[in-house]
Amino acid sequence: MKTMQYKGYAARIEYSDEDKCFVGHIAGIRDIVGFHGESVESLCIAFEEAVNDYLDTCRQTDITPQRPYSGKVMLRISPEMHAEIAMKAEAHGKSLNQWAAEALACAE
């Protein structure tokens, strides 16, 4: 599945049968920022406008905009699994972070 992306933000999209339009929200932040459109094209425009409005509002009110994700992921795994994947990463000439990022990128 592809997601709409703009300025580091992603959109969560649903279809409202009641309103006969697409309804979206910026994903991954606690602030509620919504938008809607009757076509994919109008939805894309509305998403970009929503992100721009959110960033402008934060700037005007001197609030730091929330960022969707930091890029840090904490996993709890057994010490045995940790050792096994660390050895696999080293065997491939990679850091554990590089190896894990590649493995996660392949997951569906």
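What's counted below: heavy atoms across the whole structure, side chains too, no hydrogens, waters or symmetry copies.
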Quick check: do [X] and [Y] have side-chain heavy atoms less than 4.5 Å from each other?
{"X": "Glu49", "Y": "Phe35", "answer": "no"}
{"X": "Tyr54", "Y": "Cys58", "answer": "yes"}
{"X": "His25", "Y": "Ile32", "answer": "yes"}
{"X": "Ile13", "Y": "Val23", "answer": "no"}

Strictly by salt bridge (Lys or Arg N to Asp or Glu O under 4.0 Å), give each pair with a member in [range] just once, sequence neighbours left out.
{"range": "residues 13-22", "result": "Asp17-Lys20"}
{"range": "residues 54-76", "result": "Asp56-Arg59"}
{"range": "residues 25-40", "result": "none"}
{"range": "residues 82-91", "result": "Glu84-Lys88"}

*asked:* Could you report the tightest heavy-atom contact between Ala27 and Pro68, atom names first, then the distance?
replied: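 Looking at all heavy atoms of both residues, the closest pair is O-CB, 4.1 Å.
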*How close do Phe47 and Gln5 get, heavy atom to heavy atom, and via which atoms?*
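Taking Phe47 first and Gln5 second, the nearest heavy atoms are CE2-C, 3.8 Å.
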Group every Ile, Leu, Val, Met, Phe, Trp and Tyr by side-chain heavy-atom contacts under 4.5 Å, then state whether [X] and [Y] land in the same group.
{"X": "Ile29", "Y": "Ile63", "answer": "no"}
{"X": "Leu96", "Y": "Met81", "answer": "yes"}
{"X": "Tyr15", "Y": "Leu43", "answer": "yes"}

*Main-chain N/O of Ser95 paired to Gln98 side chain as donor or acceptor, under 3.5 Å*: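 The answer is yes, because a donor-acceptor pair under 3.5 Å joins these two groups.
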*asked:* For Lys7, is there an ion pair with Glu48 - N to carboxylate O distance below 4.0 angstrom?
replied: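 Looking at Lys7 together with Glu48, the answer is no, because their closest N to O distance does not fall below 4.0 Å.
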*Check the pair Phe22, His36 against side-chain contact (heavy atoms from CB on, under 4.5 Å), reporting the backbone distance first and the verdict last.*
CA-CA 5 Å; Phe22 297 102; His36 66 280; over 6 Å; no
*side-chain contact (heavy atoms from CB on, under 4.5 Å) involving Glu41 - partner list, sequence neighbours excluded*: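 Scan of Glu41 (side-chain contact (heavy atoms from CB on, under 4.5 Å), adjacent residues dropped) gives Ser39, Ile45.
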*With sequence neighbours left out, what residues match Tyr9 under ring pair (Phe, Tyr, Trp, His ring centres under 6.0 Å)?*
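Expected list: none.
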